[in-house]
Amino acid sequence: QVQLVESGGGSVQAGGSLRLSCAASGNTGSHYCTAWFRQAPGKEREGVATIYTGRVGNTYYADSVKGRFTISQDNAENTVYLQMNRLKPEDTAMYYCAARPWVLRYGCSPEYNYNYWGQGTQVTVSS
């Protein structure tokens with residue numbers, strides 16, 4: 001069982017930055033995927049970024065955030081971060097941290113089911 005707790009959301013003006021944190025506890029193992037998803041009212045959930053614990057640099061970003069968001073991890077602290085720069089009003093959403101074991105066929109793709117979810121943290125970007 002894995003527990004995830006997000007923090008770091010808030011309100012910011014367009015062009016600003018926020019850093020989200022996802023602290024994990026429980027049995028994550030050494031080959032794990034952690035992802036950030038977001039969902040805005042009336043829109044489908046979107047996989048924003050993923051990271052694989054087993055290999056440094058193995059990350060994925062949605063096209064909508066490439067070049068602006070950076071996912072990283074501190075394995076000693078069991079924490080994954082999402083640094084969000086040059087924020088836009090369309091980035092406004094509830095952001096969720098999720099985790100699952102790495103799967104050979106799907107890697108850390110956000111398209112494959114994530115088992116564990118945090119409670120979410122709200123990000124609001126005003127124009």
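The first residue in the sequence is number 1, and the count goes up from there.
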To check you understand the geometry: which heavy-atom pair defines the closest contact between [X] and [Y], and what is its length?
X      : Y      : result
Cys22  : Thr34  : SG-CG2, 4.5 Å
Ala99  : Tyr32  : CB-CE2, 3.7 Å
Ala40  : Ala93  : N-CB, 3.9 Å
Ala24  : Leu4   : CB-CD2, 3.7 Å
Ser127 : Pro89  : CB-CG, 3.9 Å
Gly9   : Val123 : CA-CG2, 4.2 Å

May I ask whether [X] and [Y] are part of the same hydrophobic cluster, defined by side-chain heavy atoms of I, L, V, M, F, W, Y residues being less than 4.5 angstrom apart, directly or through others?
X      : Y     : answer
Tyr96  : Ile51 : no
Tyr81  : Val65 : no
Leu87  : Met94 : no
Leu104 : Tyr52 : yes
Trp117 : Tyr60 : no

Aromatic rings Tyr95 and Phe69: how do their planes relate, parallel, tilted or perpendicular, breaks at 30° and 60°?
-> tilted
Do Thr50 and Thr59 have side-chain heavy atoms sitting under 4.5 Å apart?
->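 Answer no - side chains too far apart.
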When you look at Glu6 and Trp36, which way does the side-chain contact (heavy atoms from CB on, under 4.5 Å) test go after all the steps?
-> CA-CA 10 Å; Glu6 303 101 329; Trp36 286 97; 3.8 Å; yes
Okay, side chain of [X], backbone of [Y]: is any donor-acceptor separation there less than 3.5 Å?
X      : Y      : result
Gln83  : Thr70  : no
Arg100 : Asn115 : no
Gln122 : Gly10  : no

What distance separates [X] [atom1] from [Y] [atom2], expressed to the nearest 0.5 Å?
X     : Y     : atom1 : atom2 : answer
Asn78 : Thr53 : CG    : OG1   : 9.5 Å
Asn85 : Leu18 : CG    : CG    : 9.5 Å
Ser25 : Gln1  : OG    : CD    : 9.5 Å
Lys43 : Arg38 : NZ    : CZ    : 8.0 Å

For the side chain to side chain contact (heavy atoms under 4.5 Å, CB included) test, which of Asp91, Leu20, Val48 pairs with Met84?
->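 Only match with Met84 under side chain to side chain contact (heavy atoms under 4.5 Å, CB included): Leu20.
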Distance-only polar pair, side chains of Glu46 and Ser64, donor-acceptor under 3.5 Å =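 There is such a pair between these side chains.
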Any side-chain donor near an acceptor of the partner, Thr79 and Asp74, under 3.5 Å | no
Do other residues, nucleotides or ligands put more than 12 heavy atoms under 6.0 Å from the CD atom of Gln13?
-> no
Answer yes if the ring centres of Phe37 and Tyr114 are under 6.0 angstrom apart, and no otherwise.
->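 They qualify: ring centres under 6.0 Å apart.
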